[in-house]
Amino acid sequence: MLNRENIPNEISENIIIQKFIERINKKWMKEEIVFDNDEYLSIFNAYWENNVHKIQTIELTEEQTKSLVNKCRDEKVTVNSMIFAAFLKAQFKAKDLVKPEKQKAGVAVDVRNYLVKSAGESFGFYAAGIIDQFKYNDNYNFWDFTRKLHNNITKKLSKKEFFKNLLRAGSLEPSMHDALIMKTYGNLFKPDDSSYQKLYSFSQKKDSISSMANKLGSMHFGFAVTNLGRLDFPRFYGDLELERFLIFPPTGPTIESTIFVATVCDRLSLILSYVENKIDAKIMLEIRKLLFDYLTS
C-alpha cells in the first residue's frame, strides 16, 4: 500500500476524515485479531468452492487493431474510452440492464507516473480508479456518446480524486485490511471447516469495522475496465514468436465482469472475465459478439 511520503503533497485529506480514521484505528487496536496463513488458505478455498469464474476473449488482428487506433484518433477519444462505451452499448443492447447496479462501472488508472518517487520495478498496489454511474444513451451517435463519455471520465479521474481513496486506505492499520477480507467473506465457511469457529464468528461479530465491511459488501457494480495499453515485449524469442498476451483479470462478489485490454505485437487482445453466479453465460456470449462487432466495424 502506498505511504504518505510517496503521494504528491497537494493531495490532502479532510481533517474530519483524518480524525475519523484515527478514531477507527484506535478502536481496532483494542480489539485487533490477527489471522495466519492457514486461515487465508481456508478463506481462499471457501471462495472458490462458492464461485465459478469464466472468460470470453476477443482478439484483433494487426490490421483491425491499427484501424481501431486510427479511428479513435480521428474521433479524438482514447481506445480505452471507446472500449468502455462499446461495452456500455453492448450491455444495453443485450437487454441486461434490469438492475440499477449494472449501470455502475469502474475505471482504473495506473498511479506510478504520479508518485513523488518512481516505483521503478517495485511490486505493489499502484492502481486506483473511480466507480460511478454510467448509462448508455441510445439517442446519441456512438462516437458522439463516446466523446461525451471520454470527457466525463477524464473529469472524474482527477489526480485528487483517485489518490484520495489510496490515501485513506493507506491510513488504516495494516491488520485492518486483513480483517476486512475475513469479515466480508467469513459467511462462506461451512461448519466442518477447521477455521469455521474463528472466522465465521468473527464475520458475524459487531465491532469497529463492521460498518466498513458492510459498505464494501454492498458496493455492487456491473463492470470495470483495465487497460495496460501497448506493452513493448519482443516479438521473437529465438525460434518462438509471441502472438498474444492474455491475463485472466480478477472479478469478485461485488462486480459482475472485468474487461482486461492489452496490445502486444500490434495486436489488441481483450478478455471478459465474469462470475457465473452473477451473470448468465448466454448474456456474456451475446455481449462478446456485440463488442467484437463494434470494435471491428
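Residue numbers count from 1 along this sequence.
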**Study point:** OH/Tyr140: more than 12 non-hydrogen atoms of other groups inside 6.0 Å
**Key:**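 Open: at most 12 neighbouring heavy atoms sit under 6.0 Å from OH of Tyr140.
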Exercise for review: Return yes when atom CD1 of Ile15 has more than 12 non-hydrogen atoms of other residues, nucleotides or ligands closer than 6.0 Å, and no otherwise.
Suggested key: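 Yes, because the 6.0 Å sphere around CD1 of Ile15 holds more than 12 heavy atoms from other groups.
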Practice item. Please collect all salt bridge (Lys or Arg N to Asp or Glu O under 4.0 Å) contacts where either partner lies in residues 77-89, sequence neighbours excluded, each pair once. Key: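 Sorted pair list comes back empty.
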Exercise for review: Would you mind listing every salt bridge (Lys or Arg N to Asp or Glu O under 4.0 Å) that reaches into residues 26-39, with sequence neighbours excluded?
Suggested key: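 Listed by first then second residue: Glu39-Lys198.
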Determine whether a donor-acceptor pair (N or O, by modelled atom type, separation under 3.5 Å) exists between the side chain of [X] and the backbone of [Y].
| X | Y | value |
| --- | --- | --- |
| Ser273 | Thr258 | no |
| Asn25 | Glu173 | yes |
| Asn152 | Lys148 | no |
| Ser67 | Gln64 | no |
| His177 | Ala169 | yes |
| Arg112 | Tyr126 | no |

Sequence neighbours left out, cut at 3.5 Å: what donor-acceptor pairs do the side chains of residues 290-297 make with other protein atoms?
| from | atom 1 | to | atom 2 | distance (Å) |
| --- | --- | --- | --- | --- |
| Asp293 | OD2 | Lys289 | NZ | 3.4 |
| Thr296 | OG1 | Phe292 | O | 2.8 |
| Ser297 | OG | Asp293 | O | 3.0 |

Review point. Can you name the residues that form a ring-ring contact (aromatic ring centres under 6.0 Å, His included) with Tyr114, not counting sequence neighbours?
Key: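 ring-ring contact (aromatic ring centres under 6.0 Å, His included) list for Tyr114, sorted by chain: Phe162.
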Review point. What residues form a ring-ring contact (aromatic ring centres under 6.0 Å, His included) with Phe245, not counting sequence neighbours?
Key: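 Residues passing ring-ring contact (aromatic ring centres under 6.0 Å, His included) with Phe245: Phe233.
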Review point. What is the distance from atom CG of Leu246 to atom OG of Ser269, rounded to the nearest 0.5 Å?
Key: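 Rounded to the nearest 0.5 Å, the CG-OG separation comes out at 5.0 Å.
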**Study point:** Contact list for residues 57-85, test ring pair (Phe, Tyr, Trp, His ring centres under 6.0 Å), sequence neighbours left out
**Key:**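 Every ring pair (Phe, Tyr, Trp, His ring centres under 6.0 Å) pair that includes a residue of residues 57-85, provided the two are not neighbours, is Phe84-Phe134, Phe84-Phe223.
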Point to revise | Pairs meeting criterion ring pair (Phe, Tyr, Trp, His ring centres under 6.0 Å) with involvement of residues 11-35, two or more places apart | key: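 Sorted result for residues 11-35: Phe35-Phe202.
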Check your understanding: Would Asp207 and Ser210 count as having a side-chain donor-acceptor pair, cut-off 3.5 Å?
Key ->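 A donor-acceptor contact under 3.5 Å links the two side chains.
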Check whether any side-chain heavy atom of [X] lies under 4.5 Å from a side-chain heavy atom of [Y], and answer yes or no.
| X | Y | answer |
| --- | --- | --- |
| Lys156 | Ile153 | no |
| Leu115 | Phe163 | yes |
| Met82 | Phe142 | yes |

Exercise for review: Would you please name every residue forming a side chain to side chain donor-acceptor pair (under 3.5 Å) with Arg288, sequence neighbours left out?
Suggested key: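 Partners of Arg288 by the side chain to side chain donor-acceptor pair (under 3.5 Å) criterion come out as none, since no residue qualifies.
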Check your understanding: Which is it for Lys183 and Lys205 under the side chain to side chain contact (heavy atoms under 4.5 Å, CB included) test, yes or no, and what are the steps along the way?
Key -> CA-CA 9 Å; Lys183 181 76 74 173; Lys205 181 183 178 183; 4.2 Å; yes
Using the side-chain contact (heavy atoms from CB on, under 4.5 Å) criterion, which residues pair with [X]? Sequence neighbours excluded.
| X | value |
| --- | --- |
| Thr57 | Ile55, Glu59, Ile271 |
| Gln197 | none |
| Asn113 | none |
| Arg230 | Asp232, Thr263, Asp266 |

Review point. Could Asp74 and Lys71 be called an ion pair, given the rule that one side-chain N must be under 4.0 Å from one carboxylate O?
Key: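 Judged by the 4.0 Å cut-off on N to carboxylate O distance, Asp74 and Lys71 do not form a salt bridge.
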**Study point:** Test log, rule side chain to side chain contact (heavy atoms under 4.5 Å, CB included), inputs Thr146 and Glu75
**Key:** CA-CA 9 Å; Thr146 303; Glu75 296 292 344; over 6 Å; no
